[in-house]
J.: 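Mind having a look at this structure? Questions to follow.
So you know, we letter chains A, B, ... as the sequences are listed, proteins then strands, and number each from 1. Note: hydrogens, waters and symmetry copies are ignored here, and every other heavy atom, side chains too, is used.
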2 protein chains.
Amino acid sequence: MNLKELATKLGLSPTTVSRALNGYPEVNEATRERVMAAAKRHNYRPNTRAIRLATGRALAIGHVIPLATRHEIMNPIFADFIAGAGETYSRNGYDMLLSVVPDEDEEKAYRDLKSRGSADGVILHAPRMNDPRIPLMHEIGIPFVVHGRATATAEPYSWVDVNNRRAFQRATEFLLDLGHARIGLVNGLEFMDFAIRRRTGYADAHAARGLQLDPALMSSDEMTEIAGFRAATAMLDLPDPPTAFLVASMISGMGVRRAIEGKGLTMGKDVSVIIHDDDLSYLRNGEDVPIFTATRSSVREAGRIAAEMLLAIITQHGEEPQNRLLEAELIIGQSTGPAPRRT
Amino acid sequence: MNLKELATKLGLSPTTVSRALNGYPEVNEATRERVMAAAKRHNYRPNTRAIRLATGRALAIGHVIPLATRHEIMNPIFADFIAGAGETYSRNGYDMLLSVVPDEDEEKAYRDLKSRGSADGVILHAPRMNDPRIPLMHEIGIPFVVHGRATATAEPYSWVDVNNRRAFQRATEFLLDLGHARIGLVNGLEFMDFAIRRRTGYADAHAARGLQLDPALMSSDEMTEIAGFRAATAMLDLPDPPTAFLVASMISGMGVRRAIEGKGLTMGKDVSVIIHDDDLSYLRNGEDVPIFTATRSSVREAGRIAAEMLLAIITQHGEEPQNRLLEAELIIGQSTGPAPRRT
DNA sequence: TTGAAAGCGATACCAC
DNA sequence: GTGGTATCGCTTTCAA
């Protein structure tokens with residue numbers, strides 16, 4: 001059932017039917033109702049392909065996933081973001097286009113999205129310092145919103161980010177308040193923007209109390225279990241090991257846990273651990289005791305907000321860049337309570 | 001730059017240019033080369049929207065993600081599958097459409113995909129026993145491939161699956177060979193097809209040796225950390241606890257590990273653990289010793305194969321249903337070596 | 001081997 | 001208010 005057929009059935013012109021369906025004001029209310037009813041009755045759905053061609057809009061938002069950073073898509077955080085954004089797209093009649101491409105084809109993927117007209121805008125993930133994609137988007141001329149920020153980028157752009165610095169600062173302060181003097185930081189790779197901000201938060205908390213940073217307690221590596229394990233093990237082997245850890249992700253957190261276990265220590269007893277980007281619970285006596293619920297829901301909200309921002313830019317195009325900084329939830333239960341000092 | 005402009009520049013008709021670009025045989029080779037060169041020089045990309053309308057094809061494959069099973073998208077397995085499928089789509093000029101919809105709108109999402117013409121086919125994820133989506137796809141009349149199988153579905157359909165039964169059978173046999181007599185099964189929810197098959201594999205291995213199954217050692221629950229923790233804890237509290245675990249997923253594996261740790265036991269020493277769908281390594285003395293690399297790469301391959309199958313169905317349409325059963329890799333290192341018997 | 005022209009199914013401008 | 005018609009950019013007969 002297409003527009004023409006429906007129009008014929010109603011004894012109206014396609015023009016009028018189209019207008020009635022799209023809420024144009026000049027249509028007679030009685031006519032509109034007849035049209036609406038008929039459309040529903042015949043289960044009419046306008047052909048998206050035709051709308052796209054006629055309007056010149058793609059009605060789709062692109063997300064490019066370079067394959068080498070495939071762990072990004074695996075990252076629960078990424079999935080939460082996608083879920084939030086996806087909801088918004090569906091609600092607004094937009095499609096979500098996922099382009100999985102080999103690393104070296106990333107730039108081409110963005111260019112194609114634009115030149116073949118398959119997306120009206122894109123969302124950039126996991127920005128780095130001085131990310132080349134931002135000038136690229138400007139050059140290509142495609143509306144975009146960044147999930148995160150790209151330090152050292154001069155041009156203005158729209159972004160939605162979680163306050164990583166603040167989250168790590170608060171977590172560090174929490175541990176310092178518990179009496180920990182040596183806190184190990186198990187961070188992600190510090191060319192990723194968010195990792196830089198997290199380290200800054202950790203450093204700020206120390207600075208505010210006049211505490212020196214010990215480089216031996218600050219690691220930066222992939223957010224994988226093996227990296228987390230190695231970093232934590234190395235720190236625990238120090239003559240003056242940390243009594244607490246602040247870990248950047250659920251995955252590296254698994255490695256940290258294993259390192260602690262490997263040393264015959266117990267989490268929440270010998271060593272306190274705060275894991276960012278985790279919504280898991282620390283379990284004690286079979287009860288759930290949350291230690292750190294950081295950004296799961298914030299990230300989903302970030303996805304929603306980024307999508308709304310992008311759709312607004314696209315439809316009422318030409319807006320000034322907008323920015324949104326979200327605070328991560330911080331829920332800490334008693335199981336992180338003061339760890340026995342080991343010195 | 002569109003087809004018409006390019007044709008004008010070349011002094012040819014759009015028809016000829018189109019034919020040259022699309023590899024039609026009747027085009028003069030010299031002409032074709034001129035056209036190709038010009039297209040490249042002017043960076044011509046055909047407008048997908050127009051192609052879609054003209055050909056009546058969507059050039060896109062849909063994946064519907066109901067929101068209530070959002071953990072599915074978070075599941076690394078799902079991500080691997082998507083990565084594999086996505087590669088195939090890109091290579092063949094297809095787009096991947098991800099529809100994130102509220103649970104109750106799932107059926108509508110599939111219907112819209114068809115009636116609005118935004119996908120030429122779909123891939124179904126996480127089939128259940130007697131999955132209603134399979135008759136739905138037939139009713140809607142949209143080509144589809146299932147990732148997994150739906151027990152008790154009479155109608156034929158195309159699927160790609162990993163041999164879950166066999167993987168669990170082999171893992172169980174491996175543990176039995178090590179001398180374990182009591183092996184705890186921490187399985188997913190057994191209305192999911194794959195979970196049923198996994199339990200069957202576990203049971204088959206026991207049956208082959210004339211061993212009785214102990215229901216107290218077989219749990220079935222969500223594949224979450226808390227569920228894994230509870231299941232493993234309950235089993236370890238038995239008068240005759242298991243000396244080994246076979247765990248369905250990386251996530252529930254985290255709970256199992258924690259349960260073991262909580263009892264003051266050590267993985268790989270007091271208790272052997274095999275975790276399915278995990279590509280992590282068990283770490284001992286700082287070295288990586290793989291315990292069980294099950295399906296990560298197989299799942300990615302499954303994504304590739306499912307996508308290829310679907311594209312084949314769509315283009316040379318009307319094929320008989322095809323099926324592919326992939327064997328999971330099974331890599332076991334020495335750290336799972338015989339656990340000291342605890343009885 | 002090439003080209004003219006009719007779709008594909010909507011939108012949107014211009015008359016009436 | 002409603003309808004005729006050009007248009008979006010390509011594919012695909014049908015002729016030449």
J.: For dG3(D), take OP1 and OP2 only and decide whether either is under 4.0 Å from a side-chain N or O of Y24(A).
T.: no
J.: Does OP1 or OP2 of dT11(C) have a side-chain N or O of S18(A) closer than 4.0 Å?
T.: yes
J.: Are more than 12 heavy atoms from other residues, nucleotides or ligands located less than 6.0 Å from atom CZ of R324(B)?
T.: no
J.: Do V17(B) and Y44(B) pass the side chain to side chain contact (heavy atoms under 4.5 Å, CB included) test, and can you show the C-alpha distance, the side-chain angles, and the key distance before you say yes or no?
T.: CA-CA 11 Å; V17(B) 176; Y44(B) 167 74; 5.9 Å; no
J.: What's the CG-C1' distance between N2(B) and dT7(D), to the nearest Å?
T.: 12 Å
J.: Under 4.0 Å between a Lys/Arg side-chain N and an Asp/Glu carboxylate O for E301(B) and R304(B)?
T.: no
J.: Determine: side-chain N/O of T16(B) to OP1/OP2 of dG3(C), distance under 4.0 Å, yes or no.
T.: yes
J.: Quiz question: going by heavy-atom distance under 3.5 Å, is there a donor-acceptor pair between the base of dG3(D) and the side chain of R19(A)?
T.: yes
J.: List the steps, then state whether side chain to side chain contact (heavy atoms under 4.5 Å, CB included) holds for K114(A) with M137(A).
T.: CA-CA 10 Å; K114(A) 170 70 175 187; M137(A) 294 306 108; over 6 Å; no
J.: Rounding to an integer number of Å, can you tell me how far L10(A) CG sits from dT2(D) P?
T.: 12 Å
J.: Under 4.0 Å between a side-chain N or O of T31(A) and OP1 or OP2 of dG1(D)?
T.: no
J.: Whole-Å distance between dC8(D) P and I51(B) CD1?
T.: 17 Å
J.: Starting at atom CZ of R45(B), determine the distance to atom C1' of dG9(D), rounded to an integer number of angstrom.
T.: 16 Å
J.: Looking for any heavy atom pair under 4.0 Å, which part of the strands does T55(B) touch: base, sugar-phosphate only, or nothing?
T.: sugar-phosphate
J.: As a test of reading the structure: which of dG9(D), dT11(D), dA10(C) is closest to the side chain of L3(A), going by heavy atoms?
T.: dA10(C)
J.: In whole angstroms, how far is the C1' atom of dT11(C) from the CG atom of N22(A)?
T.: 9 Å
J.: Any N or O donor-acceptor pair linking the side chain of T15(A) to the base of dG4(D) at under 3.5 Å?
T.: yes
J.: Contact class for T48(A) (heavy atom, under 4.0 Å): base, sugar-phosphate, or nothing?
T.: nothing
J.: Please tell me which of the listed nucleotides, dA10(C), dT1(C), dG9(D), lies nearest to the side chain of N47(A)?
T.: dA10(C)
J.: Rounded off to whole Å, could you give me the CG-to-P distance for the L59(B) and dT11(D) pair?
T.: 10 Å
J.: Does any N or O in the side chain of T48(B) come within less than 3.5 Å of the main-chain N or O of R116(A), such that one atom is a donor and the other an acceptor?
T.: yes
J.: Between A50(B) and V17(B), which is nearer to the 5' end of DNA chain C once each is assigned its nearest nucleotide?
T.: V17(B)
J.: What is the distance, rounded to the nearest whole Å, between atom CG of L53(B) and atom C1' of dG9(C)?
T.: 6 Å
J.: Measure from NZ on K4(B) to P on dA6(D) and round the result to the nearest Å.
T.: 13 Å
